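All of these numbers come straight from a predicted model, not from anything done at the bench.
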Amino acid sequence: MKTILVVDDEMDIAEAVKSILEDEGYRVVTCANGREALDCLKDARPDLAIIDVMMPVMNGFETIRAIRGSREFASLPVLIMSAIDPSVRPPDYDWAGFLKKPFSLERLLEQVHKQLPPGPAPA
């Protein structure tokens, strides 16, 4: 089963995304900010991360840069989500896809399935 790390300080959004992805057969771990996410990486060993941009403690861009600085997770696919379209992408903030908030269920699944083919449906 593929694991997805969802990082968003708005827990209602994180929980909604978690529920949708679990229904698709993924294991989902949620964190409330970038610092928590970095602490979670080794235990969760995600196949994909979905990270909000605007968060307290450590924002999404700082989180991505820290992930890219880790040899173990440097190639982890990352989807970012934000209400603001980040048109400038410095090389150390590399991400695989963008979800503009609010996003539809279809858009979320399209972006996730592009990175991770869907797993078997839960029993």
* **Whether Lys100 side chain and Ala83 backbone form a donor-acceptor pair below 3.5 Å** =>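 Yes; judged by distance alone, with no hydrogens or angles, the pair exists.
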* **Donor-acceptor contact below 3.5 Å, side chain Arg68 vs main chain Leu76** =>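 Yes, the answer is positive, given that a donor and an acceptor are paired below the 3.5 Å cut-off.
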Minimum side-chain heavy-atom gap [X]-[Y] below 4.5 Å:
X: Gln111; Y: Phe98; result: no
X: Asp52; Y: Lys101; result: yes
X: Val29; Y: Pro46; result: no
X: Leu41; Y: Glu72; result: no
X: Thr63; Y: Val7; result: no

Where [X] and [Y] come nearest, the two heavy atoms and their spacing:
X: Tyr26; Y: Ile4; value: CG-CD1, 3.6 Å
X: Asn59; Y: Val53; value: CB-O, 3.2 Å
X: Thr3; Y: Ala44; value: CG2-O, 3.7 Å
X: Leu79; Y: Ala96; value: CD2-C, 4.2 Å
X: Ala14; Y: Val6; value: CA-CG1, 4.1 Å
X: Met1; Y: Gly25; value: CG-O, 3.4 Å

* Please assess Val112 against Glu24 for the test side-chain contact (heavy atoms from CB on, under 4.5 Å), listing each intermediate value before the final yes or no. => CA-CA 10 Å; Val112 169; Glu24 289 290 306; over 6 Å; no
* Asked: Above 12 or not: heavy atoms from other molecules or residues under 6.0 Å from CE of Met54?
  ->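 Incorrect, the count does not exceed 12.
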* Decide side-chain contact (heavy atoms from CB on, under 4.5 Å) for Met58 and Leu38; before the verdict, give the C-alpha distance in whole Å, the side-chain angles of both, and the deciding distance to 0.1 Å. => CA-CA 10 Å; Met58 181 180 224; Leu38 295 177; 3.5 Å; yes
* Can you check salt bridge (charged side-chain N to carboxylate O under 4.0 Å, His left out) on Glu110 and Arg107, steps first, answer last? -> CA-CA 5 Å; Glu110 171 191 311; Arg107 181 80 177 127; 2.8 Å; yes
* **SB check Glu62 Arg35 (cutoff 4.0 Å)** =>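 No.
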* To do: Decide yes or no on side-chain contact (heavy atoms from CB on, under 4.5 Å) for Leu21 and Leu109, but give the supporting numbers first.
  => CA-CA 8 Å; Leu21 295 175; Leu109 295 178; 4.0 Å; yes
Measure the [atom1]-[atom2] distance between [X] and [Y] for me, rounded to the nearest 0.5 Å.
X: Asp47; Y: Leu116; atom1: CG; atom2: CG; answer: 5.5 Å
X: Ile51; Y: Ile64; atom1: CD1; atom2: CD1; answer: 5.0 Å
X: Ile67; Y: Leu5; atom1: CD1; atom2: CG; answer: 7.0 Å

* After noting the C-alpha distance and the side-chain angles of Asp9 and Asn33, does the key distance pass the side-chain contact (heavy atoms from CB on, under 4.5 Å) rule? -> CA-CA 6 Å; Asp9 60 314; Asn33 62 60; 5.6 Å; no
* To do: Group every Ile, Leu, Val, Met, Phe, Trp and Tyr by side-chain heavy-atom contacts under 4.5 Å, then state whether Val17 and Met11 land in the same group.
  =>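 Looking at the clustering, Met11 is in a separate group from Val17.
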* To do: Could you check Ile13, Thr30, Ile50, Asp8 and say which one makes a side-chain contact (heavy atoms from CB on, under 4.5 Å) with Lys18?
  =>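 That would be Thr30; it is the only one of Ile13, Thr30, Ile50, Asp8 passing the side-chain contact (heavy atoms from CB on, under 4.5 Å) with Lys18.
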